[in-house]
2 protein chains.
Amino acid sequence: MANIKEVASLAGVSVATVSRYFSAPEKVSKKNTDKVMKAIEQLNYKPNLLARNFTQSRSYSILVLAPLGNPFLLDVIQGIQEIARIKGYTVLLVDALESKDEESKCYGMLETRLVEGIIDFKVQKRLDKKNGTRIDNIVTLCDYVENNPSPVVTVDDVKAAEKLVDYLVSLGHRHIGCLTGLDFIHATVHRKLGYQNALQKAGIPLSDKLIIKGDFSVTSGLNAAKEFINMQPRPTAIFSMSDKMAIGIIQGLKAEGLRIPEDISVVGFDDIEFAKYCEPPLTTIRQPAKELGSSAMKLLCNLIDGKYEPESVLRPYFLPTDLIVRGSTAAVKSS
Amino acid sequence: MANIKEVASLAGVSVATVSRYFSAPEKVSKKNTDKVMKAIEQLNYKPNLLARNFTQSRSYSILVLAPLGNPFLLDVIQGIQEIARIKGYTVLLVDALESKDEESKCYGMLETRLVEGIIDFKVQKRLDKKNGTRIDNIVTLCDYVENNPSPVVTVDDVKAAEKLVDYLVSLGHRHIGCLTGLDFIHATVHRKLGYQNALQKAGIPLSDKLIIKGDFSVTSGLNAAKEFINMQPRPTAIFSMSDKMAIGIIQGLKAEGLRIPEDISVVGFDDIEFAKYCEPPLTTIRQPAKELGSSAMKLLCNLIDGKYEPESVLRPYFLPTDLIVRGSTAAVKSS
DNA sequence: TGTAAATTTGTAATCGATTACAAATTTGAT
DNA sequence: ATCAAATTTGTAATCGATTACAAATTTACA
């Protein structure tokens, strides 16, 4: 494989000229440009980017730590990719469900220079290491906590959940079940808060008996369905913290002969592609997936470029959500 | 950020010793190991992997070119990741639906040393460049063509489709519609072949009128549904080349008041997670997604390590598929 | 044409590791 | 205690680019 020196010698110029041919072609005379071009062509030369990255001390790569298995993520990742491409970054992807060990290895890639930034789908607790401050060039996506150690792009889960449950309340529901997500994800906490806010506003007493712990999987929805059915009194509506679980719930309820939405209304969260192809189509909260991804990536690029005062970006950057009303919800039966 | 020289000088040893501390710790005396450890600790030293990669002329990265948007891919990618982690590679992911330009840039990453191998979800036509031979360290996944220029891991789409349509025939169907995928994907060609084989075996005349062109999206399924309904004679069963399209078809048929499977049977291909949560649950072909990913990655690792004779791996590596019978198929109505 | 300014070019240092080879040290056997 | 073998260590070259700086060349204008 030819290197820059060979190109230079074949072209009869110095290596600096060849290097400039790539980095600042306007500074190379027409005559030499031609010579260099020919030599490159003849030797089929491709610059060794490992060498370039090394000298520039840049990897032009960023890392995305995402819990694959969530179909909602595909769109988010596409949003990330879109900006990455424009800005000249390549995207490394790691499944975030790996071990803690694996995770810290990923964070280590910042220090070993393999990546210039990280987009993580969950808040890191232990970001503050030795020096007690936030670590640079990390953006938290779709998760958020008070005093977040890194900049955040997400939706306002509290408001979104509140909006959704407000809607159920407006349909006359007063016994509203809740299926939560993984509890180390802060979105779970926030959506629960929104759920409770809505109930309180409506003067409905809160009850932990109406809340079941889920894990965002279809299966946990299926299992929860049975529990909801056996509740006394049985809820007339169920708020599921993800569409996937809502689909499981609907399956489980139908298996027991219940009709949706006539007997029980079910709502999800995310608006994944299949939400509208459910039977019945799912009432849910739409998150602007692609925008979440692209906004996070833009933010990360600015962090890498040092365009921000660190403090100025620690306030969460909330994107708007939409309530999508479909067929899985109906007014409560007057009993 | 401390470098190896500073560590060496603080520890009172040579850089070679520090380097060996990482690469061959058994060759460093206990005394020096301690000294180096302390110096590393004290300086919070992390080796600059950009430098290491450069000197070793290795990136320890591989690229996956995948059409995101296919939920089936998530599992495949997890399979890839699993092996990648074990073998010490990181995975770059690029959405394969990008422009040709983007695509060749990705292939260029092999020559610029940024990645050591590529897993591509489609066969490359122009792999044979100047030297007319196959390009090393590329594995084609889930796509296949005669005289493939690179090693292939996939399922036998012909056999799988044939198995599926055999099943429809066994239910008494003789008018079987077909919704194809993108026609530059060879799997489309092969599945069509399997479809035709099954019909021929059963002595059913082939007719292009029963075949509609799709693009693997739900929408194309929705659109096709209307066309199938208006066919004369109307098919009693439809073979869709992906689950997503099948879901669209089912939606479209139901919207027109048809019952599945009583009026029309529908089958898909892939067995994505939502196939079993459809209404009715989808009869389909299960592809071993995770195994496809892990097998491809293992193969790629061996290619990178030069363990194979090039010719020995150009025969496609077929993984087995299963026919999954669910509720979307039924015996044809005796008319 | 002469000279200053602007442009283009080349030399050589540099990035931070790895590693071949030689030198130094330790170990082990007699 | 001696010497050979084995182990450990250090010196310095190397990977392939970028880039500061100086030198050479070209351009512009009086």
Side-chain angles (χ1 to χ4, degrees), chain A residues 1-40 42-61 88 90 108-116, chain B residues 1-40 43-61 88 108-116:
Chain A
M1 195 84 80
N3 62 25
I4 198 172
K5 220 183 282 179
E6 301 175 56
V7 173
S9 96
L10 177 61
V13 301
S14 71
V15 292
T17 300
V18 179
S19 178
R20 275 189 286 258
Y21 169 82
F22 289 104
S23 62
E26 76 281 2
K27 291 193 172 168
V28 178
S29 67
K30 172 109 180 50
K31 203 181 61 185
N32 278 346
T33 299
D34 287 347
K35 289 202 279 183
V36 170
M37 257 174 50
K38 258 181 216 136
I40 287 174
Q42 202 168 330
L43 295 172
N44 189 29
Y45 167 74
K46 310 283 169 178
N48 180 332
L49 296 192
L50 289 180
R52 178 181 295 173
N53 288 353
F54 164 58
T55 23
Q56 299 187 335
S57 204
R58 297 201 59 181
S59 64
Y60 297 100
S61 304
T90 49
M109 295 173 79
L110 269 179
E111 297 167 306
T112 57
R113 317 299 193 93
L114 280 186
V115 300
E116 300 185 17
Chain B
M1 196 83 80
N3 63 22
I4 199 173
K5 219 183 281 179
E6 301 176 56
V7 173
S9 98
L10 178 60
V13 300
S14 72
V15 292
T17 300
V18 178
S19 177
R20 276 189 285 257
Y21 169 83
F22 288 104
S23 64
E26 75 281 3
K27 291 193 172 167
V28 178
S29 67
K30 171 108 182 50
K31 204 181 61 186
N32 278 346
T33 300
D34 287 347
K35 290 201 280 185
V36 171
M37 258 175 47
K38 258 181 216 134
I40 288 174
L43 295 171
N44 190 29
Y45 168 74
K46 311 282 171 180
N48 181 332
L49 296 192
L50 289 179
R52 177 180 297 173
N53 288 353
F54 164 58
T55 24
Q56 299 187 336
S57 204
R58 297 201 57 181
S59 64
Y60 297 100
S61 305
M109 294 174 80
L110 269 180
E111 297 167 307
T112 58
R113 317 300 193 92
L114 281 186
V115 300
E116 299 184 17

| Any Thr17(A) side-chain N or O less than 4.0 Å from OP1/OP2 of dT8(C) | no
| note | To the nearest angstrom, the CG-C1' distance between Asp34(B) and dT9(D) comes to 16 Å
| query | Whole-Å distance between dA17(C) C1' and Lys5(B) NZ? | reply | 10 Å
| note | Atom CD of Glu6(B) and atom C1' of dC15(C) are separated, to the nearest Å, by 13 Å
| task | Look at the side chain of Ser57(B) and the backbone N and O of Asn53(B), then say whether any donor-acceptor pair between them is shorter than 3.5 Å. | result | no
| Thr55(A), nearest nucleotide to its side chain (from dC15(C), dA17(C), dT9(D)) | dC15(C)
| query | Do any side-chain nitrogens or oxygens of Asn3(A) fall under 4.0 Å of OP1 or OP2 in dG16(D)? | reply | yes
| Distance, rounded to the nearest Å, where Arg20(B) contributes CZ and dT18(C) contributes C1' | 10 Å
| request: Could you pick out which residue, Ser29(B) or Ala51(B), lies toward the 5' side of DNA chain D when each is mapped onto its nearest nucleotide? | output: Ser29(B)
| query | How many Å lie between CG on Leu114(B) and P on dA17(D), as a whole number? | reply | 12 Å
| Over how many whole Å does the gap from Lys27(B) atom NZ to dT25(C) atom P extend? | 20 Å
| task | Verify the contact: side-chain N or O of Ser23(B) to OP1 or OP2 of dT19(C), cut-off strictly under 4.0 Å; return yes or no. | result | no
| By side-chain contact (heavy atoms from CB on, under 4.5 Å) - contacts of Asn32(B) (at least two apart) | Val13(B), Thr17(B), Val28(B), Ser29(B), Lys35(B)
| said: Mind checking if Val13(B) touches a base, just sugar-phosphate, or nothing, with heavy atoms under 4.0 Å? | reply: sugar-phosphate
| Electrostatic pair Asp34(A):Lys38(A) at N-O distance under 4.0 angstrom | no
| task | Using a heavy-atom cut-off of under 4.0 Å over every strand shown, decide if Ser19(A) touches base, sugar-phosphate, or nothing. | result | base
| said: Any base atoms under 4.0 Å from Tyr45(A), or only sugar-phosphate, or nothing? Heavy atoms, all strands. | reply: sugar-phosphate
| query | Base, sugar-phosphate, or nothing: which does Val18(B) touch, judged by heavy atoms less than 4.0 Å apart? | reply | nothing
| said: Quick check: any donor-acceptor pair below 3.5 Å linking the side-chain of Arg113(A) to the base of dG16(C)? | reply: no
| query | When you look at Arg113(A) and Phe54(A), which way does the side-chain contact (heavy atoms from CB on, under 4.5 Å) test go after all the steps? | reply | CA-CA 9 Å; Arg113(A) 317 299 193 93; Phe54(A) 164 58; over 6 Å; no
| Distance, rounded to the nearest Å, where Leu50(A) contributes CG and dC15(D) contributes P | 15 Å
| said: Output the rounded distance in Å from CD1 (Ile4(B)) to P (dC15(D)). | reply: 19 Å
| said: Using a 4.0 Å heavy-atom cut-off, does Asn32(A) contact any base of the nucleic acid, only the sugar-phosphate backbone, or nothing at all? | reply: sugar-phosphate
| query | Side chains of Tyr45(B) and Met1(B): does their closest heavy-atom pair fall under 4.5 Å? | reply | no
| Of Phe54(B) and Ser14(B), the one whose closest DNA chain D nucleotide lies more 5' | Ser14(B)
